[in-house]
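Contents: one structure, followed by commentary.
Just so we're on the same page: letters track the sequence lines, and every chain starts at 1. Side chains are part of it too, since the values below use all heavy atoms of this structure and drop only hydrogens, waters and symmetry mates.
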Amino acid sequence: MPTQTLKIYLTGVGGQGTLTATNILAHAFMNAKLDVIAGEVHGMAQRGGVVESFLLVGGLKAPRIDKNEADILLGFDALESLRGLSYLHKNGIILSSTDIIAPSYHNNITMPNIEYIKSKLKKYSKNCNFLPCRNLARKENILKCTGSILLGAFLNICPLQLTLTNLKNAVKRLLPPKLHEQNFIAFNLGYKEKNLK
Amino acid sequence: MNIFSLLEDKDKSTHLLLANEAIVRGALEAGVHIICSYPGTPSSEIPDAFYYLSKKATDLYSIEYCTNEKVALEVAAGASLAGAQSLVTMKHVGLNVAADPLMTAAYIGLPGGMVILSADDPGCHSSQNEQDNRHFARMASIPCFEPANANEAKQMTVEAFKLARFIEEPVLLRTTTRLNHMRGSVTFGKLPKKQDIKSFTINRNRFVAVPAVARIRHKVLLENLKKAQDFSEKSHFNVISGDKKSKFGVIVSGVTRNYLLDAISTYNFNKSIKILELGITWPLPIKLIHNFIKSCNSVLILEEGDNLLEQDIKAIANENNLQIKILGKDNDLTACGEFSTSIIINRLARFLNEKNITPPKYKEETLPPRPPVLCPGCAHRTVYYAAKSVLNKKTIWSNDIGCYSLGAMPPLFMSDFSICMGSSITAGSGFAKISDNDVVAFIGDSTFFHSGLTGLANAIFNQHNILIVIMDNGITAMTGHQPNPAMNVDHINNMTHIDIENVIKGFGITNYIKVKASNYLSLTKAFKTMKDKLGVRVIIAEEPCVIHARKYLGKKQTHVAIVNKQGDAAEACMQNFACPAFTKIDDKISVDESLCCGCMACLQIAPTVFKSKKIENIDANTNT
């Protein structure tokens, strides 16, 4: 391929706004004049299910990512980041929230804690980045835009040229005006967070 | 996204749309007059977008959510007979329901033009089967378009309407989940001034499908298919690319085209191939295919689902005495599931006799699953719990399709069989006739109007012994909260409510009770009353969907539940009732107040464990 391609696997829990984030990021790449398609699986969000989506940048046509294919894993929930690990190729980049929404039905499988999850992710890839999104959101009272904090941080780990302006313009196109300011604050929070360990 | 941008009259502007949104735009550019739909994943975004847009597009088209897909196709057929361009949308199993009108509508023809969107689901992302609806185009003798990306979805929709009007036959626009929910760049065309309605010309020798007419019309249908074939032969949607001199030919359709193109652009194969991408998969462009394959030594057919192209292309080779190896399905590429880029890379490597690639194995971690479950506050959970606690342990649960299907999940396990829409009542009746066990059927309000009425009539008429529980939450919830006749229409002026209790009375059923599905005591009393009776019994368990009530009916939550007493009873409630709002931190059970909807079912079920707490600042409640 002449242009550099990028495969991003996004995962989270229904209700976290993973699909909205995918749409915002897709539009941001489009604003950056990059060829982009997205694969979204709509449906189980409200029932607390896993929501996976894919972003393919640089002229790729297939709207899905197979095991071992993703360049970047963007996880809005830490448990889902661990669950989706096999989508990432070894030493791909991980950017994950450290927040965990506990699954509702507990069976006999042990619920891993964040330390366990972080250690597993670090073992898989040397390029691991973590962000306590909910804590950051709570400080600025923007809990509804928790996902956007991760998108702001994404700008720092993305190998392609993507700017804060690209993200902001995406929000301006997609969301009603009353949500713009909160999302811009969220982007800035994530973007300025330099400690991603 | 700002959905109203779909109405923008900005020729040549580009937008990043879901393919479903692109289909809406395509229909608008074609000048569609009427849309008739029954919701079904992955097609539901189409009627929903039209419905939402209708607030601003009052004179452009009419949209209706029909009671089922057969009804939708028939209403649209009538509209097309009257001269309108109609769009009918459904998921793949919906076409089974609509197949009756489809077959004969194709015989009589529809002058106004009809496009049928069938959204198939290879891999069963959210369906009870993965049937391949390309079969229907062949069986009905109608054209079939298969887009592979969002822009093509739009373009094909426009062309499908043109073809439908030209040959006066329904046209099938066949998609799959990966396409419907794919987002890609779409270039807008012009929005037309209103497309004309072709006025109806009386022709009883055509439109009245009695045997004498049908025999003649079948021949006309096949002639119209030939016209479509000329279109297919010349269509720019069938594309040849790659190395024209190669002896290795690959023929591909649907989303698989994307996997193939990515495969050859990202992996270094030693040999080159020539490619035929088919966008029109019925009628097949036979001459085009013949010309493509005759210079090949071997041809590989890549299609998800059944081996339809494979069989037809083998027949073309046979008719022309071509000595070519034609390959399609094998042990790796079966009729089951979906393809992917890496599956195609592997298949191509074998086809070209090149080194096979084995992807690295990764041991999947066993993690707590996150299956979809009934929402916190959902009254279906209370109904199931009441049934389970009152009725005898050997009762057989006949279930159906909707949000309440999630009652099958642990720990409720309230489903022993479920086949298709409406089968809860009918298959339940049949089971009860043979078995000694009591049978209870669970059916939702939308499913009830979809295909429960005929089963109910049969149960009464043929004197079946079954307890039917109508789970009435007043909305078609699972597919995204679409309207149906059971819905509260206080805030809507173009839909009329039908009261389910009136329907039950109208059927002459005397053994029925209507209760609030959020009232555990009433539910247990109802089940106790009905369980030992014979014949057809009905419990209408009514409670608006908790999400719909909050969003659209303006219901405000004033209280949350809190755990008052830890111990065995609390543990039992957590294990057996399992509301998603229950959580356990350091062996202490509590209610997550951001998830609790204040339905107070847990208080009713376990009064020693829970009590209610008033919410401090009601407006700041951040329930999503």
Side-chain angles (χ1 to χ4, degrees), chain A residues 1 5 13-15 17 22-23 26-27 29-30 35-50 53 55-56 59-69 77 79-80 82-83 85-86 89-90 101-107 109-112 120 124 143-144 173-176, chain B residues 1-2 14 16 18 41-42 44-45 125-126 148-150 177-179 181-185 255 257-259 261-262 265-266 338 340-343 359-360 362 364-376 403 406 409-411 478-480 547 574 578-584 622 624:
Chain A
M1 288 229 83
T5 62
V13 182
T22 307
N23 200 4
H27 277 82
F29 279 115
M30 187 179 78
D35 201 318
V36 60
I37 62 171
E40 308 170 6
V41 180
H42 288 230
M44 285 298 159
Q46 258 157 2
R47 283 95 200 154
V50 182
S53 53
L55 273 173
L56 297 305
L60 293 166
K61 299 196 189 303
R64 68 179 292 205
I65 294 171
D66 222 340
K67 299 289 160 85
N68 256 283
E69 281 187 13
D77 176 276
L79 178 59
E80 296 317 313
L82 180 56
R83 198 192 313 274
L85 206 48
S86 57
H89 68 67
K90 267 277 186 182
I101 297 179
S104 53
Y105 182 62
H106 296 281
N107 36 38
I109 303 172
T110 328
M111 177 67 201
K120 280 281 177 171
Y124 192 91
L143 276 168
K144 282 207 161 106
R173 187 162 178 175
L174 296 173
L175 300 181
Chain B
M1 92 155 243
N2 184 356
T14 55
L16 211 51
L18 281 186
T41 308
S44 311
E45 289 84 5
H125 290 268
S126 56
N149 59 60
T177 307
R178 290 288 172 195
L179 174 82
H181 291 161
M182 172 175 163
R183 187 177 293 280
S185 186
V255 290
R257 291 162 52 191
N258 299 316
Y259 305 139
L261 294 174
D262 276 4
S265 72
T266 60
E338 297 182 85
S340 69
T341 306
S342 43
I343 287 174
Y362 175 71
E364 300 275 0
E365 186 113 15
T366 311
L367 296 170
R370 211 188 285 275
V373 289
L374 294 167
C375 300
C403 267
L406 294 174
M409 306 295 290
M478 191 50 130
T479 42
I547 293 173
M574 175 128 191
C579 174
F582 295 162
T583 181
K584 202 176 192 185
T622 52
T624 37

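The two residues B/Ser342 and A/Glu69 come nearest to each other via the heavy atoms OG-OE2, 3.7 Å. Closest non-hydrogen pair, A/Pro63 versus B/Asn258, comes out as CD-ND2, 4.2 Å.
Using a 4.5 Å cut-off between heavy atoms, B/Leu179 does not touch chain A at all. Both the backbone and the side chain of A/Leu82 come within less than 4.5 Å of a heavy atom in chain B. Both the backbone and the side chain of A/Leu79 come within contact range of chain B, each with at least one heavy atom under 4.5 Å from a heavy atom of that chain. At a 4.5 Å heavy-atom cutoff, B/Thr177 makes no contact with chain A through either its backbone or its side chain. Contact annotation for A/Leu55: neither backbone nor side-chain heavy atoms come within less than 4.5 Å of a heavy atom of chain B. Residue A/Lys90 does not touch chain B at all, counting heavy-atom pairs closer than 4.5 Å. Using a 4.5 Å cut-off between heavy atoms, B/Leu261 touches chain A through its side chain atoms alone.
A donor-acceptor pair under 3.5 Å is formed between the side chain of A/Arg83 and the backbone N or O of B/Pro368. A donor-acceptor pair under 3.5 Å is absent between the side-chain atoms of A/Asp66 and the main chain of B/Ser340, judged by distance alone. The backbone N or O of A/Leu60 lies less than 3.5 Å from no partner atom in the side chain of B/Asp262, so there is not a single donor-acceptor pair.
A heavy-atom distance below 4.5 Å is found between the side chains of A/Ile37 and B/Met182. Side-chain contact check for B/Val255 versus A/Arg64: every heavy-atom pair is 4.5 Å or farther apart.
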**Asked** Which is it for A/Arg173 and B/Leu16 under the side chain to side chain contact (heavy atoms under 4.5 Å, CB included) test, yes or no, and what are the steps along the way?
**Response** CA-CA 11 Å; A/Arg173 187 162 178 175; B/Leu16 211 51; over 6 Å; no
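Per-residue heavy-atom pair counts under 4.5 Å with chain A were compared for B/Glu338, B/Arg257, B/Arg178, B/Met409, and the maximum is reached by B/Arg178.
Rounding to the nearest 0.5 angstrom, the gap separating the OG1 atom in B/Thr266 from the NZ atom in A/Lys61 is 12.0 Å.
Partners of A/Glu40 by salt bridge (Lys or Arg N to Asp or Glu O under 4.0 Å), not counting sequence neighbours, listed by chain and number: B/Arg183.
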